[in-house]
Amino acid sequence: MNTKAESTKGATGADIAKLVLAVIVLAAGIFAYSWFGSNPAVPQSVLLLGVVVALVAALAIGAFTAPGRRVREFLGESQFELRKVVWPTRDETLKTTGIIMVVVVVLSLLLGLIDLILKSVVLDWLLKLGT
């Protein structure tokens, strides 16, 4: 378990300015895509490439802010924890899936039988008692 203390500082003015710049860059890429999208002289691949470049630039700008550093640390720690996971083998996965399928079929048959019994009790016995 990671016991390092976390800072409680919020985003600084520079961080907010960087995040606003990142949003503007991304919005500009999307605006350019929609603006030039109806122009047949501009190939679709160039438009898509422009949006991808704007997205990468916005992510790069955002990565150098305090929230961006926290996200990078989180992703790094998540990768470290994923290395500790013991994944099941293919055989274990297939056996578990088979067992679950059998249990689902058995339970659905039991629930169907209970439904049939309750339907016959209510419709045949209880409703005929009132007449």
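Start at 1 with the first residue, then count along the sequence.
- V71 and L59 fall into different hydrophobic clusters, defined by Ile, Leu, Val, Met, Phe, Trp and Tyr side-chain heavy atoms under 4.5 Å apart, directly or through other members.
- A side chain to side chain contact (heavy atoms under 4.5 Å, CB included) with I61 is found for one member of L26, L21, V56 and no other, namely L21.
- Across T65 and D15, no two heavy atoms sit closer than the pair CA-OD1, 3.5 Å.
- Within the 4.5 Å cutoff, the side chain of L75 has no heavy atoms near those of the Q79 side chain.
- Each of V105, V106, L107 was checked for a side chain to side chain contact (heavy atoms under 4.5 Å, CB included) with V103, and the lone residue meeting it is L107.
- Taking each heavy atom of A22 and G62 in turn, the nearest pair found is CB-N, 4.3 Å.
- In this structure, W87 and L82 approach most closely via the heavy-atom pair CZ2-CD2, 4.2 Å.
- In this structure, V102 is a member of the same hydrophobic cluster as L110, with clusters built from ILVMFWY side-chain heavy atoms closer than 4.5 Å.
- Hydrophobic clustering (ILVMFWY, side-chain heavy atoms < 4.5 Å, transitive): Y33 and V46 are in one cluster.
- A salt bridge links K84 to E81: at least one charged side-chain nitrogen sits closer than 4.0 Å to a carboxylate oxygen.
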(message) With side chain to side chain contact (heavy atoms under 4.5 Å, CB included) as the criterion, how do T12 and I16 come out once you've worked through the C-alpha distance, each side chain's angles and the decisive distance to 0.1 Å?
(response) CA-CA 6 Å; T12 64; I16 293 172; over 6 Å; no
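- When all heavy atoms are compared, the tightest approach of G29 to A54 is CA-CB, 3.7 Å.
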(request) Could you check D115 against K119 for salt bridge (charged side-chain N to carboxylate O under 4.0 Å, His left out), going step by step and ending with a plain yes or no? (result) CA-CA 6 Å; D115 184 51; K119 183 186 114 191; over 6 Å; no
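- The shortest non-hydrogen separation linking E92 to T96 is O-OG1, 2.8 Å.
- Hydrophobic cluster membership differs between V51 and I24, with clusters built from Ile, Leu, Val, Met, Phe, Trp and Tyr side chains linked at under 4.5 angstrom.
- A heavy-atom distance below 4.5 Å is not found between the side chains of F36 and Q44.
- Interatomic distance, L47 CG to I30 CD1, rounded to the nearest 0.5 Å: 13.0 Å.
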(request) Check the pair L94, R90 against side chain to side chain contact (heavy atoms under 4.5 Å, CB included), reporting the backbone distance first and the verdict last. (result) CA-CA 6 Å; L94 290 176; R90 180 176 173 85; 4.2 Å; yes
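- In this structure, the side chain of R69 engages the main chain of F64 through a donor-acceptor pair within 3.5 Å.
- Nearest heavy-atom pair across V25 and A58 is CG1-N, 4.3 Å.
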